[in-house]
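Written out below as structure tokens is the structure these notes cover.
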Amino acid sequence: MNSTVVSMAVDGVVAVVTMNKPPINGLGAELRAGIADALDAANADPAVKAIVLTGTARAFSGGADVTEFGTPKALREPNLRVVIGLVENNPKPVIAAIAGQCLGGGLELAMGAHFRVALADASLGLPEVKLGLLPGAGGTQRLPRLIGIEAALNMIVYGAPVAATKFKGTPLIDQIIDGDLIAGATAFARQVVAEGKPLKRVRDMKLKDPNAAAFLQFARNTVAATAKNFPAPMKCIDAVANAVSKPFDEGLRLEREAFMTLMNTPESRALRHVFAVERAAAKLPGVPEDTPLREIRRVGVIGAGTMGGGITMNFLNAGIPVALLETQQAALDKGIATIRKNYENSMKKGKLTPAQVEERMGLVTPTLTYDAFRDADLVIEAVFENMGVKETVFRALDEVCKPGAILASNTSYLDLNQIAAFTKRPQDVIGLHFFSPANVMRLLEIVRGAKTAPDVLATSMALAKKIKKIAVVSGVCDGFIGNRMLARYGAAANGLINAGALPQQIDGALQAFGLAMGPFRMGDLAGLDIGWATRKRKAAEAGAEMKPVVADKLCEAGRFGQKTGAGWYRYEAGKRDPIPDPAVEALIAQYRTDADITPRKVGDDEVIERCLYALINEGARILEEGIAARASDIDIVYLNGYGFPMHRGGPMLHADIVGLPNVVRALRRFAAEPGADASWQPAPLLVKLADDGRTFN
Ligand SMILES: NC(=O)c1ccc[n+]([C@@H]2O[C@H](COP(=O)([O-])OP(=O)(O)OC[C@H]3O[C@@H](n4cnc5c(N)ncnc54)[C@H](O)[C@@H]3O)[C@@H](O)[C@H]2O)c1
């Protein structure tokens with residue numbers, strides 16, 4: 001045996017074969033070959049009567065090596081199914097000894113063994129469905145034989161891991177080991193030898209369950225609603241049904257077929273992309289992984305409005321004390337009361353105990369003076385979106401904060417470099433752009449200023465993890481990654497209204513594509529007055545007369561969205577359901593007449609193309625300018641901050657799937673229309689990638 005990742009030690013009649021490929025014994029080509037060689041070696045040794053197959057404390061095996069997916073290594077023999085067959089057909093008994101993770105291909109391998117022992121807290125699961133797949137190495141055929149249809153369906157269709165101790169008394173786990181796993185497993189193996197126990201092959205077990213049909217039907221009904229976007233759960237059910245109705249080998253063959261089909265679906269491609277890219281986002285150009293971090297023990301937040309309150313809660317939840325500052329006692333009281341109300345709502349839902357609510361509230365110190373920030377390690381400003389106000393705040397922070405404190409702004413659009421220049425320590429200034437509601441939304445855009453120090457960036461990334469956010473780094477530009485792209489998307493949607501579509505059609509088409517909410521519903525939720533004020537301010541700054549858009553007409557009529565009971569839609573008191581409004585149609589018709597536009601019919605496909613290609617084109621510019629480090633960072637922003645559907649994998653992956661030359665062709669068509677906005681010109685990077693036959697991801 002000369003494997004670097006599998007070792008064997010013979011202890012009397014027992015050979016202990018250990019898999020050791022950090023971090024989680026991913027079943028890549030090397031590990032698979034190592035297991036096969038170890039079995040050969042153990043079988044060749046006449047002293048060996050039984051084999052214990054084990055991993056590390058962290059993982060028996062976390063499953064297939066996802067980095068091999070789609071590469072020749074994934075196909076290199078022996079493949080996982082072959083290895084499992086070798087284990088199952090081994091002439092000497094094989095006992096899987098399980099600690100830590102035993103997931104996906106790892107559990108399939110363990111189910112190939114004749115016996116299984118585990119530590120009580122070992123984690124067993126078949127999570128393939130979360131990647132839009134099904135267990136492709138016998139999992140759907142063996143697990144039902146070991147734990148019954150209902151329990152197997154739950155694990156395979158939902159993918160959640162289960163502690164080994166829950167399987168006590170089922171043939172899945174023959175023994176829970178207390179204390180040392182290897183000592184326990186070796187003792188178990190000796191007993192198997194001493195008693196001459198017959199080898200239990202799971203494939204030979206009979207699967208009989210009078211309730212099988214009912215369980216399968218129930219499962220089908222449950223997943224039917226989402227089956228259009230997520231085909232994998234239904235395929236999982238079909239595969240388990242085959243375990244009931246078909247011979248084992250036929251079930252295996254059909255499982256394999258379904259696996260290959262799913263592997264080629266755009267949904268699985270998207271879900272695997274999502275899984276892989278979050279790790280990539282943590283790698284920052286110019287910031288070595290061993291950059292020393294600053295300690296964040298006390299936080300300050302300025303502004304107890306919509307964002308400040310939610311931002312504060314993130315830190316209270318993580319056990320970090322926060323001093324929360326406002327200019328007026330009344331605003332402070334209101335902000336603190338809102339935080340308490342949010343926690344009490346969680347308490348009513350049973351998510352927090354009364355003691356936890358008090359513990360969290362005990363961590364927040366309301367204040368009206370900057371003195372409270374003297375010992376803060378990080379201060380985040382969430383005051384009005386106005387450069388003058390930001391200037392006052394940052395000059396004050398520069399006066400009072402200790403050296404090395406990180407000074408952060410939650411600004412959505414303003415120039416972070418200008419904000420940093422209000423201080424004598426621009427290296428300590430960074431953007432921490434939370435999304436509303438800040439205590440709920442997982443995305444955090446971290447805005448790297450021209451002078452932001454690497455350790456400030458690295459500390460912010462680590463902090464994001466601590467408060468359970470997904471962080472993406474953006475450079476400085478108007479709106480950063482997310483809102484800058486959103487502006488183009490909104491403009492495309494407005495263009496469609498002008499051309500002849502109605503808000504409900506555009507929202508409907510984009511929601512059918514999978515977006516959580518179309519742009520007009522989103523506008524009504526966020527408040528149309530914000531954009532109106534911005535447009536007025538920008539026009540005034542440019543000294544130009546404002547060219548009104550339909551949204552301005554709505555605002556002039558007092559329709560600011562949900563908060564005024566009317567916007568692009570109307571709303572009934574106390575309800576949030578958007579109701580199409582003839583008054584809006586009339587207003588749009590009048591707008592078109594005034595602008596001399598003859599409305600035309602707009603198809604749903606055009607809605608999707610224009611809105612998404614506008615996003616993608618701006619994404620390409622953002623990438624080209626280095627505002628985002630990689631296309632997948634843009635996807636993360638849209639998936640976690642803007643309700644982009646997971647099964648599409650983000651706008652940039654969507655472009656890859658559509659085919660970049662097709663996106664370019666459509667953009668050129670839009671750009672060539674009379675009076676078209678220059679932003680429809682395809683971004684040079686997009687054209688170059690398309691010409692070179694390459695993709696974003
Ligand atoms: N609302 C959103 O969806 C959202 C999302 C991301 C970022 N942001 C950004 O967050 C910031 C705050 O937005 P918001 O929606 O929470 O606004 P908000 O109006 O709800 O709250 C701002 C709060 O800041 C307080 N304030 C104003 N000047 C102050 C000062 N000098 N010192 C102390 N407190 C002061 C106000 O009293 C108010 O309570 C803005 O920069 C905004 O662009 C907003």
Side-chain angles (χ1 to χ4, degrees), residues 299-312 314-315 322-328 331-332 335 367-374 376-436 438 444-453 456-457 460 463 473-484 486-487 526-527 529-538 540-542 627:
V299 170
V301 173
I302 310 179
T306 310
M307 295 306 291
I311 292 170
T312 299
N314 286 301
F315 294 99
V322 178
L324 178 59
L325 179 131
E326 266 285 349
T327 45
Q328 306 288 330
L332 193 54
T367 176
L368 294 171
T369 72
Y370 280 77
D371 269 349
F373 297 153
R374 284 197 188 282
D377 303 297
L378 161 72
V379 181
I380 305 171
E381 150 297 291
V383 301
F384 300 136
E385 184 78 338
N386 172 294
M387 198 52 108
V389 185
K390 307 277 187 203
E391 174 167 4
T392 315
V393 165
F394 275 83
R395 289 203 190 282
L397 287 176
D398 200 22
E399 283 296 311
V400 73
C401 288
K402 65 184 183 187
I406 297 176
L407 311 182
S409 172
N410 182 48
T411 180
S412 308
Y413 293 94
L414 299 175
D415 181 347
L416 187 83
N417 293 330
Q418 197 183 337
I419 294 177
F422 298 140
T423 73
K424 291 184 284 298
R425 40 175 128 176
Q427 74 282 359
D428 294 338
V429 176
I430 195 163
L432 294 179
H433 183 213
F434 290 80
F435 287 71
S436 180
L444 178 66
E445 261 183 341
I446 296 185
V447 184
R448 178 182 200 168
K451 296 192 176 153
T452 306
V456 170
L457 203 54
S460 301
L463 185 70
V473 174
S474 170
V476 176
C477 65
D478 191 17
F480 314 117
I481 296 173
N483 284 340
R484 172 169 159 186
L486 191 71
D529 49 324
I530 302 171
W532 190 36
T534 310
R535 284 189 293 277
K536 283 194 280 194
R537 176 173 55 80
K538 284 195 172 164
E541 279 168 10
I627 297 293

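For the single chain, residues carry numbers from 1 onward in sequence order. Just so you know, these numbers use all the heavy atoms, side chains as well, and skip hydrogens, waters and symmetry mates. Note that the structure is a prediction, hence the values are computed from the model and not measured.
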Check: Between G449 and V476, what is the shortest heavy-atom contact and its length?
Finding: CA-CG2, 3.9 Å
Notebook entry, point to check: So, E326 side chain and A304 main chain: donor-acceptor pair closer than 3.5 Å or not?
Noted result: yes
Check: Hey, what do you get for OG (S412) to CG (L486), rounding to the nearest 0.5 Å?
Finding: 11.0 Å
Next item on the list: Please state whether the rings of F373 and Y370 are parallel, tilted or perpendicular, taking 30° and 60° as the class boundaries.
Entry: perpendicular
Margin query: Within the 4.5 Å heavy-atom criterion, are R484 and D478 side-chain neighbours or not?
Written below: no
Item checked: Nearest heavy atoms of G308 and V301, plus distance in Å -> O-CG1, 3.7 Å
Check: Is it true that R395 and E391 make a salt bridge, defined as a side-chain N closer than 4.0 Å to a carboxylate O?
Finding: yes
Checklist line | Any donor-acceptor N/O pair, N410 side chain to I380 backbone, under 3.5 Å | finding: no
Note to self: My understanding is that only residues two or more places apart in sequence, or in another chain, count here; which of them pass side-chain contact (heavy atoms from CB on, under 4.5 Å) with T411?
What the structure shows: E385, K390, S409, L414, I419, F480
Checklist line | Shortest non-hydrogen contact from A376 toward V299 | finding: CB-C, 4.4 Å
Next item on the list: Work out which heavy atom in S436 is nearest to a heavy atom in T306; give both atom names and the distance.
Entry: OG-CG2, 4.1 Å
Check: In terms of heavy-atom contacts, does CD of Q328 have more than 12 from other residues, nucleotides or ligands at under 6.0 Å?
Finding: no
Notebook entry, point to check: So how far is it from H433 NE2 to Y413 OH, rounded to the nearest 0.5 Å?
Noted result: 7.5 Å
Note to self: How long is the straight-line distance from CG of D398 back to CZ of R425, given to the nearest 0.5 Å?
What the structure shows: 5.0 Å
Item checked: Minimum-distance pair of heavy atoms, taken over all atoms of Q418 and M387 -> OE1-CE, 3.2 Å
Check: Hey, what do you get for CG (L416) to SG (C477), rounding to the nearest 0.5 Å?
Finding: 11.0 Å
Note to self: Contact between T423 and L397 at the side-chain level, heavy atoms closer than 4.5 Å - yes or no?
What the structure shows: no
Next item on the list: Kindly say whether V429 contributes a backbone atom to a donor-acceptor pair with the side chain of T452 at under 3.5 angstrom?
Entry: yes
Item checked: Distance (rounded to the nearest 0.5 Å) between L325 CG and E381 CD -> 11.5 Å
Check: Does S474 offer a backbone N or O that forms a donor-acceptor pair with the side chain of E445 under 3.5 Å?
Finding: no
Next item on the list: Could you grab the distance from atom CG of L463 to atom CG of L432, nearest 0.5 Å is fine?
Entry: 7.5 Å
Check: If you take all heavy atoms of C401 and L407, which pair is closest and at what distance?
Finding: SG-CD2, 3.8 Å
